[in-house]
Amino acid sequence: MQFVVFLSFTLLVGGIAYWSTRKVNESTQDGFFLGGRSLTAVVIAGSLLLTNLSTEQLVGLNGSSFKEGILVMAWEVLAALAMIVTALFLLPRYLKGGLTTVPQFLQRRYDTMTKTFTSVLFLSGYMIILLPTVLYSGALALIGMFDLTAVLGLSFGKTLVLTIISIGFVGSIYAIFGGLKAVAVSDTVNALGLLIGGLMIPIFGLLLVGDGHLFHGIENLYHSHPEKFKSLGHNQSSIPFGTLFTGMMLVQLFYWGTNQAIIQRALAAKNLKEGQKGLLLAAVIKILGPLIVVLPGIIAFYLFGDQLSVDNQDQSYGLLVNRVLPPVLLGFFAAVLFGAILSSFNSALNSSITLFGLDIYKQYFNKKADEKKVVRNGKSFGIILAIFSMVIAPNIANAPEGLFSYLQEVNGCYSIPILTIIVVGYLTKFIPAIAAKISMIAGVGLYSFSQFYLKGLVESNGGDYPHFLHIMAIIFLFNCGVMFLIGAFKPRAIPFQQAYTKQVDITPWKYAKIAGIGIFLIVMSIYILLA
């Protein structure tokens, strides 16, 4: 029964995606990469949320809350603030320039080499970090939910490899042959299912903890482990309080405002009004995220804390789902979770195809290539990238600090350098291209040296090393200083001016600022109440 429900829902989503995209011309750049610039607010919000809400969050963040409690909600709740900045500041500028990729702006603002370097950084991050992590965490969740090692009669290692290949194969079909609109439509359907299914886990979990009474479950949870409900982290936690004002906001702004795999949904908006409404709607829903990606981890600690070591924290979510859901609902949720896994995988893969096709292939391999050729070669690259990610994924072991913290830390190798040159590029007119290139090289080098060499050296000698979020903030400020210094001595001869391409209407939503202020006040209220 579980398998029938799982397969039926998965096929239903695939059918809806096919039906919705049958009239989109996938052979053109706008058609394949941006869904014909036709996405509305609801589709944008749904796709943003499901691209983000995958097994890195469900498995990784619940694993972190299993270990540390509600303080890890910062990764979810503070995202709303970055989405406000993106909606009000970045998106109008992106759509004004008619951008398909973020590096396209960097080419106009700086030069072609800066664009290429940024595209290579994005592609490296997706290929080595994001795509393999999505596959690994997704496989880990499905194995735990269905006890696939027992079902298949294979060792854990072989089961892991088989599950990763299955996820990668299906996700590749969506991303490579369906284009962005197929990804976005399937995301929207799955987002609704994931919100319903994701909320079922804490509800059934609290009912189990409270012997059939929801509020008794909350009381039992709080009185048994009050330390898990402290929202402000101490210096030894994964998110010390001070980091909320340093690297945390930089990570959020990079992810929601400049990460190609995310912002591509907003770039595909039919106009600025729909794009802003989509981002702000997603921000409102994001505030509710801790109910899905934090609370279940605390419930799992209540149920399995004496059986499951915190070193195996990332296994807690799959065990909880298996424990609290009835068999029929388990099949439904597995299908939704499978959709979430596919969403993150195919979204990053689709963005990789976009970056390679437009920023690498057409620039360096065939400048005279027509749109069909660019799309075709982008798809070929996507197949290679998918296979490469499937090879790497089984080799990812659980990090000591948990899967989610590991992912955020290693992402800093490319996120902070890219964020720096985009922010400075939009805020200034005279800083030259050489400043961007030096800043990026310095940012990648310094962060890698810090986290992969200096940190280990200091800790091996018994010292305390600054949190990686603080390191991100230090490098961000250093890079900005380098760029401003170079700009002072060697400014551009002609100030940068971004032209309006008139690809879409950039009339803003008249309630955007009011909605942004409201969301900001809600976020602040949550932290004040839980402090």
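A pairwise comparison of heavy atoms in Met73 and Pro290 identifies CB-CG, 3.8 Å as the closest pair.
Considering CD of Gln276 and NZ of Lys513, their distance stands at 10.0 Å, rounded to 0.5 Å. Between the CZ atom in Phe356 and the CG atom in Asn377 there is a gap of 7.0 Å [rounded to 0.5 Å]. Atom CG of Asn271 sits about 12.5 Å away from atom CH2 of Trp509, to the nearest 0.5 Å.
Ring geometry, Phe105 versus Phe496: the interplanar angle exceeds 60°, so the pair is classed perpendicular (tilted spans 30 to 60°). Aromatic ring orientation, Tyr361 versus Phe365: parallel (interplanar angle below 30°, classes split at 30° and 60°).
The side-chain hydrogen bond (donor to acceptor under 3.5 Å, both in side chains) contacts involving residues 420-432 comprise Arg109-Thr428, where partners must be two or more places apart or lie in separate chains. Residue pairs meeting the salt bridge (charged side-chain N to carboxylate O under 4.0 Å, His left out) criterion with at least one member in residues 435-446, sequence neighbours excluded, are Asp111-Lys437. Residue pairs that meet the salt bridge (charged side-chain N to carboxylate O under 4.0 Å, His left out) test with at least one member in residues 442-457, sequence neighbours left out, are Glu409-Lys455.
Remark: of the listed residues Leu279, Ile262, Leu81, Leu279 is the sole one forming a side chain to side chain contact (heavy atoms under 4.5 Å, CB included) with Thr86. Each of Thr258, Ile422, Ile421 was scored for a side chain to side chain contact (heavy atoms under 4.5 Å, CB included) with Thr118, with one residue passing: Ile421.
Annotation for Met113: atom CE does not count as buried by contact number, only 12 or fewer foreign heavy atoms lying within 6.0 Å.
The aromatic ring centres of Phe254 and Tyr414 sit less than 6.0 Å apart.
Judged by distance alone, the side chains of Tyr465 and Ser450 do bring a donor and an acceptor atom under 3.5 Å apart.
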